[in-house]
Amino acid sequence: MTAAGPHPRVLLLLCLFSSAACNMFAFTEEPSERAGKADGYCSRILRAQSNRKDGNSEFRLRVEGDPESYHPGSTYRVTLSATSPSYFRGFTVIALREGAEGDKDEDYAGNFQIIDEEETQFMTNCPPAVTESTPRRRTTIQVFWTAPPSGSGCVVLKASIVQKRIIYFQDEGSLTKRMCEKESLYGDATDKPLLDCCACGTAKYRVTFYGNWSEKTHPKDYPRRANHWSAIIGSSHSKNYVLWEYGGFSSEGVKQVAELGSPVKMEEEIRQKGDDVLTVIKMKAQWPAWQPLNVRAAPSAEFSVDRSRHLMSFLTMLGPSPDWNVGLSAEDLCTKECGWAQKVVQDLIPWDAGTDSGFTYESPNKPTSPQDKIRPLTSLDHPQSPFYDPEGGAITPVARVMVERIARKGEQCNIVPDNVDDIVADIAQEEKEEDDTPETCIYSNWSPWSVCSSATCEKGKRMRQRMLKAQLDLSVPCPHTQDFEPCMGPGCSDEDASTCMMSEWINWSPCSMSCGAGIRSRERYVKQFPDDGSICTLPTEETENCVINEECSPSSCLVTEWGEWDVCSATCGLGMKRRERMVQMPPADGSICGAEVLEVEKCMMPECPIDCVMSEWTEWSECNKSCGKGHTIRTRMVMLEPQFGGDPCPETIQRKKCKIRKCNRGQGNSDEKKRRKEQREKRRSKQGRTEGTSEHPGCRMRPWSSWTECTKLCGGGIQERLMTVKQRFKTAQLSSCKDRKEIRACNVHPC
């Protein structure tokens, strides 16, 4: 028997997972009788993969956030990882419509985007798939995946990996992720039928607003200086009252929120509805629109619902904008099972109130007449819209709202409790004091509470402060900036350790042994201590046993635990870090230890500081006086503002003294002075003074022109004006009769 070449399916898998292997051989087609239809290279890969054995839980394909559904057109981070000490050398990631075989272009769903070209690339013979750039040991890779357009149905993301000589593939399990299209955020109208509520008692909810609108998520024409969310206004109400709805027209209250960011009229309209409203929902404005949650907490408010007033609506303006808002309309918190919804999470896209026809963030006011109906914005509204997409993709949500049930009161009539906490149906309803701070007063967040003035169990006081950042209406007084409350010393509170707010557990550390039984650990930290100053007693560290390669072979070797990571090689930006471990016991059979003893990873430090960049100085201006002492100036402009703590910008204007000549005082005795005086008197008597003109030795001048616009809005600019020659006398010297220019500084206030 003659030696046969590689089997086509094996060769196909080699090509799939290693560009080097694919370059060594020419691909051999399968026999024609088995290729009954003309299919592509990708479909042959999928058929070849499906014959391989399933992988195990060492490897995982994960979509960031672990969503069960996708938003059409949205982008997700996809991670393929191996649990230490496992690794893989090659891989493939592909996305298919559910049930598709991959033999047609339309079988592939969405598009991948490369994050790190050193790690990943598109497969040469199967462009929809992503594979490794070079075969080597690795434990994780990441790519972006943009979901397909609306109507694409369910999608299956599949991953294959190569470890040593074994090729793993899973049709189900940790290397496959199935996601179905999420229902459209908004239809053409909010016409969902509102059913009568059959729930008993009342429920209390907390609504939290997460504004995600930022320059990073929506970079096109993002308004850096004035971006904000207006004060949030809404209510829990009956189906007889509609705050706003798609396909309806904006009330005057909605219009004032949409165009001016003012909730005053809207609140007045809500309170006029009497028994149709149970709770008025109010949250403060947010300037700027986005800040990290560790800098500024997401605004929230509490409200109640009952059987007749089981709907919740709110809105807030996205500013600056013509009349764009986000919000919920008639969100029903009553379930079909006669209970109260536990949690509602909704991503929000902006909608147009139909009262202004602008199409950019800072369009000038252009009232829509007659008024249009309320409608969601789309990515095809106008080419100059900040949300424009020529492909018509979905708009990336600008905010997320979360409504969580926090208490129920009274007898509940649904049979099955939603969770263990709801078995106790009669919960005392704690109403918060209504915040009476005027919307025209913009404050910083409250500082943390100070230490209690009492170190014992005697009553004391503690204090917190906030800063008044802006008072938009001077006629409306702003309340106090300090707050006091009673307190006792540490350990005197009756509250238990559950008042501690803990972080999520950090991932388990690698097992302490690379062969046999070992220990691994994980940690978490205290995010917020109890308000009474007591100590948190909840554990911050956990350990458990772990086993790696339970049946260690003679060729196995024992290694120490990994050492600490070295300091990142870069002090800012992207760098590298490494860690090492030692071989504790070499293999018993005398072979070389195959365990990794060095790991290198990329590390990202804070952004590098960018110093201010200035233009060159202009030439010195002419002296501002024609005789005697004066001054002259020169300016320069800020070319690049400092970022990430870079050096601030230096001065933009410099002045220095100048002296042209002494001014003539008295008669003067020299012949030159007499001659000049005679010439001046002669010109005055001959020409007289003409209003609106200026004289100059030897010529007649036009009046000064108006000052030009300042070259900068802030930070120091310049203005110019000119005086030109209207008539030159025969006796005039060329050097003494010429156009004049004056320069002055303007807008010198800092930006």
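- Remark: Glu119 engages Arg136, Arg138 in a side chain to side chain donor-acceptor pair (under 3.5 Å) (not counting sequence neighbours).
- Shortest non-hydrogen contact noted between Ser250 and Thr355 is CB-CG2, 4.2 Å.
- At a cut-off of 3.5 Å, with distance as the only test, no side-chain donor of Thr208 or Glu404 sits close to an acceptor on the other residue.
- In this structure, Trp290 has its ring center at least 6.0 angstrom away from the ring center of Tyr222.
- Atom CD1 of Ile270 is separated from atom CD1 of Ile233 by 4.5 Å, given to the nearest 0.5 angstrom.
- Proximity of Ser385 to Leu377: side-chain heavy atoms (C-beta onward) are nowhere separated by under 4.5 Å.
- Nearest heavy atom pair, residue Val257 against residue Pro263, reads CG2-CA, 4.0 Å.
- For the residue pair His218/Thr396, the side-chain donor-acceptor check at 3.5 Å is not satisfied.
- In terms of the side chain to side chain donor-acceptor pair (under 3.5 Å) criterion, residue partners of Ser363 (sequence neighbours excluded) are, by chain and number, Thr360.
- Between Trp244 and Trp351, the ring-plane angle classifies as parallel under the 30° and 60° cut-offs.
- Ion pairing between a basic and an acidic side chain is recognised when a charged N comes within 4.0 Å of a carboxylate O; Glu269 and Lys265 show no such pairing.
- Among residues two or more places apart in sequence or in another chain, the salt bridge (Lys or Arg N to Asp or Glu O under 4.0 Å) test is passed with Arg464 by Asp483.
- Side-chain contact check for Met402 versus Arg400: every heavy-atom pair is 4.5 Å or farther apart.
- With a 4.5 Å cut-off on side-chain heavy atoms, Thr652 and Thr635 do not count as touching.
- At least one donor-acceptor pair under 3.5 Å links the side chain of Ser133 to the backbone N or O of Thr120.
- Classified by interplanar angle (parallel below 30°, tilted 30° to 60°, perpendicular above 60°), the ring pair Trp213/Trp229 is perpendicular.
- Across every non-hydrogen atom of Gly717 and Thr711, the tightest pair is CA-OG1, 3.4 Å.
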